[in-house]
Amino acid sequence: MGLAVAYQLARDGHIPVVFEADDRVGGMTAAFDFSGLSIERYYHFHAISDHAFLTVLDELHLADKMHWVPTKMGYWYQNQLQDWGNPVALLKFKGLGLAAKFRYGLHAFISTKRDDWKPLDHVDAVTWIKRWVGKEAYEVLWRRLFDYKFYDFTENLSAAWIWSRIRRIGRSRYSLFKEKLGYLDGGSDTLLQAMHSDIEKHGGIIRLSSPVSKVVIEKNIVCGVEVGGQFEKFDKVISTIPLPFVPRIMPDLPAEVLGKFRALNNIAVVCVIVKLRQKLTDNFWLNTNDPEMDIPGLVEYSNLRPLDQHIVYVPFYMPGEHPKYAEPDQAFLDKVRSYFKKINPALCDEDFIDMRASRYRYAQPICEPGYLERLPPVSLPVQGLWVADTSYYYPEDRGISESIGFGRQMAKDACV
Ligand SMILES: Cc1cc2nc3c(=O)[nH]c(=O)nc-3n(C[C@H](O)[C@H](O)[C@H](O)COP(=O)(O)OP(=O)(O)OC[C@H]3O[C@@H](n4cnc5c(N)ncnc54)[C@H](O)[C@@H]3O)c2cc1C
């Protein structure tokens with residue numbers, strides 16, 4: 001989002017300076033060296049509705065690097081790998097009655113066709129889903145997805161937010177039977193590097209390993225930022241860091257605004273990436289409902305983007321305060337190895353070429369019913385200061401396209 005702000009500002013003739021805490025650009029989309037393979041720390045796919053993302057690709061002449069692939073989904077349930085993601089798979093699914101299947105399918109179909117999210121804004125997601133799909137389908141197909149992503153927050157999630165996630169995937173289809181998802185040659189890094197170059201070409205500046213320690217505010221006017229112990233003067237500051245960091249670096253905001261930021265909840269992720277000698281499954285998505293696995297699913301990325309080795313991501317989401325988040329990386333790596341061997345018994349230890357875990361403390365806001373009303377305005381009651389993160393495009397879920405679209409609009413709004 002920060003890059004998108006700078007990209008728009010630089011193209012509009014301003015001189016943005018991006019301060020990035022990390023030693024590389026990209027935040028959640030950044031790549032790392034996975035024993036010789038440059039790849040994202042967290043998996044990314046694109047949907048055909050990702051308009052803001054596709055627009056930037058066009059502007060940067062990267063459209064030919066985008067590929068759309070028919071992908072498969074699976075469900076690991078009752079110790080079986082089952083097909084998933086189309087009406088036939090739903091009908092054949094073992095472990096659910098016919099009426100429950102019908103209700104589940106109807107809910108997914110209607111959610112995909114729906115456009116108006118306002119009536120769902122103040123409804124809690126679990127009540128909404130149970131009302132549509134019934135208790136049986138909820139228990140089998142939904143409960144674990146919620147429990148292993150949102151834990152104690154499950155009972156207080158916005159139905160509008162969950163609906164937007166169902167819709168995004170549902171709309172990335174050729175037909176009722178075929179899903180198509182997209183990837184970029186070289187992954188997200190291709191876009192990040194192109195945006196980086198474009199910002200510099202238009203006069204913008206990107207400073208890496210430069211965490212902002214304070215946004216300096218005097219008499220309700222922004223004066224600049226403190227970076228590396230130095231004050232740097234700016235007449236406008238646009239912050240796109242995760243909202244939970246905001247009170248720490250902007251202690252001089254009005255108390256009411258600070259209180260609103262402090263009241264927001266966020267979940268963390270420990271994401272394991274595995275390089276395998278052979279496939280785990282044929283699916284891109286694999287939902288899991290297994291009492292021995294504390295994950296809602298996994299992503300076999302190389303079934304979307306062809307790579308020399310098989311790459312699988314396993315995200316463990318949890319509240320940052322959960323004791324599990326304090327466990328060492330090895331605990332997550334060991335779990336993943338045992339889950340994989342259970343799902344595909346042909347896999348042996350020699351098939352695991354490499355495994356890593358990456359952590360992001362503020363990976364996803366928890367969007368409660370009426371979420372937008374809980375947020376302070378993007379343009380804060382401080383002259384020259386704008387603050388946003390992925391929360392602000394609620395009910396859309398966090399995503400590259402949404403962050404780009406929101407960031408570019410924020411840049412325009414800040415300069416009218
Ligand atoms: C596991 C996982 C899977 C995902 N899958 C997808 C997907 O399939 N498709 C999709 O579109 N999106 C996906 N996303 C989301 C996507 O990565 C984000 O929406 C996208 O990166 C936009 O993020 P952002 O720029 O808004 O925030 P972030 O990526 O959180 O960026 C915030 C930046 O602020 C920097 N920062 C923090 N504090 C400071 C400071 N004090 N000073 C300076 N800099 C600071 C951070 O280093 C970071 O670079 C996924 C995310 C995760 C975690």
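Atoms within each ligand, like the ligands themselves, are counted from 1 in listed order.
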Sidechain N-carboxylate O distance under 4.0 Å for [X], [Y]:
{"X": "D397", "Y": "K149", "value": "no"}
{"X": "K341", "Y": "D349", "value": "yes"}
{"X": "D189", "Y": "R24", "value": "no"}
{"X": "D290", "Y": "R144", "value": "no"}

Would you say [X] touches ligand 1, if touching means a heavy atom closer than 4.0 Å?
{"X": "D389", "result": "no"}
{"X": "Y317", "result": "yes"}
{"X": "C271", "result": "no"}

Do K101's NZ or CZ and the ring of F93 fall within the cation-pi criteria of under 6.0 Å and 45°?
->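 That pair does not qualify as a cation-pi contact.
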Specify side chain, backbone, both or neither for F19, according to which of its non-hydrogen atoms lie closer than 4.0 Å to ligand 1.
-> backbone
Checking heavy atoms under 4.0 Å, the part of A21 that sits near ligand 1 is both
How far is [atom] from its nearest protein heavy atom, and which residue and atom is that?
{"atom": "atom 22 (C) of ligand 1", "answer": "S403 OG, 3.2 Å"}
{"atom": "atom 42 (N) of ligand 1", "answer": "V212 N, 2.9 Å"}
{"atom": "atom 27 (O) of ligand 1", "answer": "M28 CE, 3.9 Å"}
{"atom": "atom 49 (O) of ligand 1", "answer": "E20 OE1, 2.6 Å"}
{"atom": "atom 11 (O) of ligand 1", "answer": "I400 N, 2.8 Å"}
{"atom": "atom 21 (O) of ligand 1", "answer": "T29 CG2, 3.3 Å"}
{"atom": "atom 52 (C) of ligand 1", "answer": "R398 NH1, 3.4 Å"}
{"atom": "atom 6 (C) of ligand 1", "answer": "H44 CD2, 3.3 Å"}

Residue selection (non-hydrogen contact nearest [atom]) among [options]:
{"atom": "atom 32 (C) of ligand 1", "options": "F406, Y360, Y362", "value": "Y360"}
{"atom": "atom 5 (N) of ligand 1", "options": "Y43, Y313, Y393, F316", "value": "Y43"}
{"atom": "atom 37 (C) of ligand 1", "options": "I241, L192, L304", "value": "I241"}

If we only count heavy atoms from C-beta on, is the Y394 to L375 side-chain gap below 4.5 Å?
->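 Result no, sub-4.5 Å side-chain heavy-atom pair not found.
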Quick one: are Y183 and L181 in side-chain contact, heavy atoms under 4.5 Å?
-> no
Look at the aromatic rings of H107 and W128 and report parallel, tilted or perpendicular, splitting at 30° and 60°.
->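 Perpendicular, since the angle between the ring planes exceeds 60°.
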Would you call the rings of F45 and W285 parallel, tilted or perpendicular, where under 30° means parallel and over 60° means perpendicular?
-> perpendicular
With no hydrogens and no angle check, is any side-chain donor or acceptor of D124 less than 3.5 Å from a backbone partner on L157?
->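 No: the side chain of D124 does not pair with the backbone of L157.
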What atoms of ligand 1 come within less than 4.0 Å of a heavy atom belonging to [X]?
{"X": "F45", "value": "7 (C), 8 (O), 9 (N)"}
{"X": "T390", "value": "26 (O)"}
{"X": "M1", "value": "24 (P), 25 (O), 26 (O)"}

Separation between NE2 (H122) and OH (Y371), nearest 0.5 Å, reads 14.0 Å
Is the shortest N/O to N/O distance between G399 and ligand 1 below 3.5 Å?
->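 For ligand 1, there is an N or O atom that lies under 3.5 Å from one belonging to G399.
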Return a yes/no value for S210: is any of its N or O atoms, backbone included, closer than 3.5 angstrom to an N or O of ligand 1?
->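 By distance alone, the answer is no.
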Closest non-hydrogen atoms of L304 and P306, given as atom of the first, atom of the second and distance, are O-CD, 3.6 Å
Pair Y104 + W84: ring centers closer than 6.0 Å = yes
